[in-house]
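For reference, the structure is listed below as structure tokens.
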Amino acid sequence: MNAGFQQWLHESIEQLKAQNLYKQPPILETPQGGRVRIGGREVINLASNNYLGLANDPRLKQAAIEAVQQWGAGAGAVRWLGGTNTLYETLEQKLAAFKKTEAVLVFQSGFNANSGTIPSCFVEGDVIISDELNHASIIDGVRLSSAKYKKSEGYVYEHKNMNHLEDILKRCGHFKKRLIVTDGVFSMDGDIAPLPEIVELAERYDAVVMVDDAHASGVLGEHGSGTTSHFGLYGRVDIQLGTLSKAIGVIGGYIAGSRLLKEWLINRGRPYLFSTALPPAAVGAIIKAIEILQTDPEPMRRLWDNARYWKENLQRLGFDTMGSETPITPVLCGDEGITQQMERMLYEAGVFVVGIVYPTVPKGKARVRTMPNATHTRKDLDDALEAFEKVGKKLGVIGRWV
């Protein structure tokens, strides 16, 4: 191994540790649920994106087993090369009906869906206008494009600032195509994009709208179908990205839109073209998850009941939840060191959360990110609130931002 490279890695990691930015994932010894075991001890799990509790749902596990029995362990190839099968076609048809769009194309992850769609559809001579708090997968997909997109050149708008977005659109009439891209739900703050206003501006200035609904899938809209449904904007959003890993409980991502969009991505979406398709077990489980969403409202009801209870009580205790509108509930700490300390102390108190620090969020905006879900009991949440109150008082986080 190259000694100089290894030395660079060592020094860079030590620098992260000195800046309180170093992270290591905990090792779970149980499936995802309201409580999990880490290091031999049971803790309340407030770190998972498993919104509806489907990741360990017996109905999904059985569907995965049946898909393996019928279709085997793996897809064997990329779909255009080795051929697709009726299982994948069934999934895409069900997702298109779920989203009320003409067509859907499934990718191996939401990250792949962004990195495959944005650069293939928006090229030199185009411009991409992006919310400043968009997810890393949007940012990386944009960077792969040959279109104009840089913040330094004035193509990134202040978070949810529609006046700023319109100012940018006014300057972009000379581009061949204009894309406005936004998260539907912002993954670190838990707030919702002003999609109706974005769509109105796009129609006024002849722009394309793309919304990444990773954290709205299974959470907002009719049966959890996302922000387009939540705001009643069917047929007015050109490109919708959905995830199959968070509320859906499995793995993968997809793009919903027109049949022409799907045709183009089949031919030019690089992750679709050059990476093997999802294994049949995942596809079978996803199909079952979509069926559950469309027929059983109880998981979404429990999710939102728990989310409201959790937020109201955190705020009552004096924590700043940063205006979150969704189950994603950040607890602002500000300082990176305090955030890391809060994560450790909460774990010792029996609560598993993750401290979010730079570069995931801006410096000075470090927070503990909490995620109540449908599997939590009221006792889980009350026990967690008790731990938050004790730790928050010790660290001086409670009431700090009032």
Side-chain angles (χ1 to χ4, degrees), residues 12-13 16 19-25 47-51 107-122 128-153 155-160 179-193 198 209-217 219 226-227 239-248 251-255 269-272 275 322 324 326-330 336 339-340 353-371:
S12 299
I13 290 169
L16 289 179
Q19 296 171 341
N20 294 306
L21 303 178
Y22 179 78
K23 303 293 293 183
Q24 278 287 349
S48 173
N49 290 325
N50 182 30
Y51 290 108
F107 286 80
Q108 301 84 353
S109 69
F111 208 114
N112 274 359
N114 270 324
S115 62
T117 301
I118 297 171
S120 68
C121 291
F122 300 92
I128 301 171
I129 307 167
S130 183
D131 188 293
E132 65 178 343
L133 294 189
N134 277 343
H135 187 266
S137 63
I138 297 176
I139 294 169
D140 284 3
V142 169
R143 286 173 174 168
L144 288 170
S145 171
S146 56
K148 293 286 187 181
Y149 64 84
K150 291 183 179 179
K151 183 175 183 178
S152 61
E153 296 175 355
Y155 302 123
V156 175
Y157 62 94
E158 296 169 1
H159 181 50
K160 295 170 58 173
L179 170 67
I180 306 168
V181 58
T182 182
D183 275 306
V185 171
F186 291 89
S187 63
M188 291 298 123
D189 289 31
D191 54 339
I192 303 171
I198 290 172
V209 176
M210 178 175 179
V211 59
D212 181 333
D213 259 347
H215 287 276
S217 300
V219 175
T227 52
I239 306 171
Q240 298 179 59
L241 181 146
T243 186
L244 301 167
S245 60
K246 296 177 175 66
I248 307 304
I251 188 67
Y254 62 91
I255 294 293
R270 290 174 71 83
Y272 175 88
S275 190
M322 302 182 68
S324 168
T326 62
I328 298 169
T329 309
E336 280 75 14
T339 300
Q340 301 275 33
V353 294
V354 174
I356 308 296
V357 297
Y358 179 84
T360 306
V361 295
K363 287 184 178 179
K365 292 288 187 180
R367 80 283 305 262
V368 170
R369 181 175 182 265
T370 69
M371 300 286 293

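Listed here is the closest heavy atom pair of A193 and T182: CB-OG1, 3.7 Å. Smallest separation of non-hydrogen atoms from I251 and Q108: CG1-O, 4.1 Å. A pairwise comparison of heavy atoms in G253 and L244 identifies N-CD1, 4.0 Å as the closest pair. Looking at every heavy atom in both residues, T339 comes nearest to I356 through CG2-N, 4.0 Å. Heavy-atom minimum distance, F186 versus I328: O-CD1, 3.9 Å. Of all non-hydrogen atoms in Y51 and P327, the two that sit nearest each other are CE2-CB, 4.0 Å.
Here OG of S120 is found 13.0 Å from OH of Y272. Values are rounded to the nearest 0.5 Å. With values rounded to the nearest 0.5 angstrom, D212 atom CG is found 9.0 Å from T227 atom OG1. Of the inter-residue distances, the one linking H215 atom NE2 with H135 atom NE2 reads 6.0 Å to the nearest 0.5 angstrom. Considering CG of D183 and OG of S137, their distance stands at 7.0 Å, rounded to 0.5 Å. Of the inter-residue distances, the one linking S145 atom OG with I128 atom CD1 reads 3.5 Å to the nearest 0.5 angstrom. Going from atom CG of D131 over to atom OH of Y157 covers 4.5 Å, rounded to the nearest 0.5 Å.
The environment of NZ in K23 is crowded: more than 12 heavy-atom neighbours from other residues, nucleotides or ligands sit within 6.0 Å. Atom NZ of K160 has more than 12 heavy atoms from other residues, nucleotides or ligands within 6.0 Å.
Judged purely by distance below 3.5 Å, without hydrogens or angles, the side chains of D189 and H159 never pair a donor atom with an acceptor atom.
A donor-acceptor contact shorter than 3.5 Å links the side chain of T326 to the backbone of G190. Panel note: side chain N134, backbone V181; a donor-acceptor pair is recorded below 3.5 Å. Distance alone, capped at 3.5 Å, places no donor-acceptor pair between the Q240 side chain and the D213 backbone. The backbone N or O of T329 lies less than 3.5 Å from a partner atom in the side chain of T370, making a donor-acceptor pair. Between the side chain of R369 and the main chain of R367, no donor-acceptor pair closer than 3.5 Å is present.
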Is there a side-chain contact (heavy atoms from CB on, under 4.5 Å) between M188 and L133 once you walk through the steps?
CA-CA 9 Å; M188 291 298 123; L133 294 189; over 6 Å; no
Kindly indicate, with the supporting measurements, whether the criterion side-chain contact (heavy atoms from CB on, under 4.5 Å) is fulfilled by D140 and S115.
CA-CA 7 Å; D140 284 3; S115 62; 5.9 Å; no
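Of the options T117, L179, V142, a side chain to side chain contact (heavy atoms under 4.5 Å, CB included) to F122 is made by L179 and by none of the others.
A 4.5 Å side-chain heavy-atom check between V209 and I198 finds at least one atom pair inside the cut-off. You'll find the side chain of N114 reaches within 4.5 Å of the side chain of M210, heavy atoms only.
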